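Notes to accompany the following structure.
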Amino acid sequence: ICEIAVQTGGYKMAWIGYAMHDEARRIVPQADDGSAPGYLADLSLSWSADTEIGQGPAATTVRTGEPVVIADIASAPNFRPWLERAQSYGYAGVICLPLKYELTTIGVLALYMAEVREIGAEELRVMKEIADALGYGITMLRVREERQRTQEEIVKLNAGLEDHVLQRTTQLLNANKELEAFTYSVSHDLRAPLRAMDGFSQVLLADYSTALPADAQRLLGVIRRNATQMGQLIDDLLAFSRIGRGALELAPVDTNALVDSALDAALDLYPDRRHQVHIESLPRCEADAALLKQVWINLLSNALKFTGKSGAPQIHVGSTEINGNTVYFVRDNGAGFDTRYAHKLFDVFQRLHSVSDYPGTGVGLAIVQRVISRHGGRVWAESEIGRGSTFFFCLAESAQHE
């Protein structure tokens, strides 16, 4: 553009400057043609209205967004800071045209004339059109460059993120392996003394029962029961830790068949109570069958345990629909609990009843919650003391099978 202005348009010199938004609000030359050596390098320009150089034609054009024409720089007071130097290079007049994009002035196109002359309306119109096209072109180039910079930054960030994720994944895998090894080591180390306690207690009861007073036999029985309970607690904790590892093996599940199988397992401790469990026709679902079976075993075992002291125990297994999701439930008429503490039910070791009344390790419902969470669903409970409880759970909407 500068070359065209000088070589075709007949101007002595042309330069293009960008309006900066720094503290000094500088106008910085970016391109020129016909300029005498050193002129632009020594030119001090600012579009700030608070300074003398901020009153010049280029600065006024940037602030107002309108062309400024000075046919004779010698008679223009606002050109005084540059007059002597400009005249020494043979400049007599100047036109400053705004480089704009929409309503924003991004810079200035300055055209210097070698003689004092009036600028005609047609000449000004043509040069203004050139400046408008130039402003649009500069903006599009900036947008393209900014987009390219952004894309390059995104590529760098993605590469860094991938490296970070890979490192974290490796660290987590190593941590999981170490935790798994530690878990099984602790399990083995704990089981050995428990087996010794149980075994030696049993030997004492078998071989020396006649020599031991009744109170000593009772205490040995307490030792054996506690050793057994500790062994069960270790098993439950191992089961709880395993649920968080490994990928889900999702597949269509026949829910009724799965519940029947889970009930068989839960009835091992209550062999004569099958007739107390009523199971509706349940909709199929998509889930990890092995993990979901553990959910049903734990919920059914819970219901069987807490209805043990009811006069006429009844357990109802069914389903309903809430907000378009299939919700399964296990309802009983057992001991119930205070719903103010319902949030504690699904935490490890949290119990709302004494062990002497209802034995257990306090891990079963935590396993239920973890399995359902891994499926993207949720589990909750409703209850009333002395009138039973209902445990509900739903799988993730995407895991429902019509």
Side-chain angles (χ1 to χ4, degrees), residues 225 229 232-233 235-237 239-240 243 255-256 258-283 291-323 325-373 375 377-395:
R225 286 195 298 274
Q229 184 179 3
Q232 184 60 52
L233 179 58
D235 290 339
D236 287 349
L237 287 174
F240 182 74
I243 290 171
T255 310
N256 277 98
L258 189 70
V259 172
D260 286 339
S261 176
L263 181 59
D264 288 338
L267 286 170
D268 285 346
L269 297 176
Y270 313 94
D272 300 325
R273 294 182 57 185
R274 181 179 289 273
H275 67 282
Q276 298 168 358
V277 182
H278 171 68
I279 303 174
E280 294 181 4
S281 177
L282 301 170
L291 292 180
L292 190 59
K293 181 178 178 179
Q294 190 62 53
V295 168
W296 284 112
I297 290 174
N298 289 5
L299 291 179
L300 289 167
S301 297
N302 231 40
L304 288 165
K305 176 169 63 177
F306 286 101
T307 54
K309 298 181 180 181
S310 298
Q314 292 294 323
I315 298 170
H316 181 198
V317 179
S319 66
T320 185
E321 188 171 296
I322 299 177
N323 297 328
N325 289 327
T326 298
V327 175
Y328 302 96
F329 63 83
V330 177
R331 178 176 295 123
D332 66 65
N333 63 345
F337 59 86
D338 190 334
T339 54
R340 289 180 300 172
Y341 307 107
H343 62 283
K344 294 184 176 183
L345 283 173
F346 303 102
D347 294 335
V348 177
F349 303 140
Q350 292 291 340
R351 299 175 51 86
L352 301 184
H353 302 85
S354 68
V355 177
S356 59
D357 291 335
Y358 298 99
T361 60
V363 180
L365 289 177
I367 290 175
V368 169
Q369 196 273 340
R370 177 169 284 194
V371 171
I372 298 303
S373 293
H375 281 78
R378 67 186 184 98
V379 58
W380 67 99
E382 297 175 358
S383 185
E384 187 176 345
I385 295 176
R387 304 191 63 177
S389 306
T390 304
F391 285 83
F392 302 88
F393 72 87
C394 66
L395 304 175

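Remember, it's a predicted structure, so these values are computed and weren't measured experimentally.
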- Item | Inter-residue atom distance L263.CG - I279.CD1, 0.5 Å rounding | 5.0 Å
- Task: Starting at OG1 of T307, measure out to CZ of R331 and round the result to the nearest 0.5 Å.
- Result: 14.0 Å
- To the nearest 0.5 Å, how far apart are CZ in F337 and CZ in R387? 14.5 Å
- Smallest heavy-atom separation, H375 atom then L395 atom, equals CB-CD2, 3.9 Å
- Any idea how F393 and W296 line up, ring-wise: parallel (<30°), tilted (30 to 60°), or perpendicular (>60°)? perpendicular
- Of all heavy-atom pairs between C394 and I372, which one has the smallest distance, and what is that distance? O-CG2, 3.6 Å
- Measure the CG-CD distance between L299 and Q294 for me, rounded to the nearest 0.5 Å. 10.0 Å
- Query: Within a strict 4.5 Å, meaning less than it, do heavy atoms of the F391 and V295 side chains meet?
  - Reply: no
- Is there side-chain contact between T326 and L282, with heavy atoms separated by less than 4.5 Å? no
- Task: Specify the closest pair of heavy atoms between L258 and K293, including all atoms of both residues, with the distance to one decimal.
- Result: CD1-CB, 3.6 Å
- How close do Y328 and P283 get, heavy atom to heavy atom, and via which atoms? OH-O, 2.9 Å
- Message: If we ignore hydrogens and angles and just use 3.5 Å, is the side chain of S383 paired with the main-chain N or O of G388 as donor and acceptor?
- Response: yes
- Separation of S261 OG from N256 CG (nearest 0.5 Å): 12.5 Å
- Task: Grab the two heavy atoms, one from I297 and one from A266, that are nearest each other, plus how far apart they are.
- Result: O-CB, 4.1 Å
- Which pairs count as side-chain hydrogen bond (donor to acceptor under 3.5 Å, both in side chains) when at least one residue sits in residues 263-272, sequence neighbours excluded? D264-R274
- Task: Could you grab the distance from atom CG of L300 to atom CD1 of I315, nearest 0.5 Å is fine?
- Result: 7.0 Å
- Classify the ring geometry between F329 and H316 as parallel (under 30°), tilted (30 to 60°) or perpendicular (over 60°). perpendicular
- Shortest non-hydrogen contact from N333 toward Q314: OD1-N, 2.9 Å
- Task: Kindly indicate, with the supporting measurements, whether the criterion side chain to side chain contact (heavy atoms under 4.5 Å, CB included) is fulfilled by L365 and N298.
- Result: CA-CA 7 Å; L365 289 177; N298 289 5; 5.7 Å; no
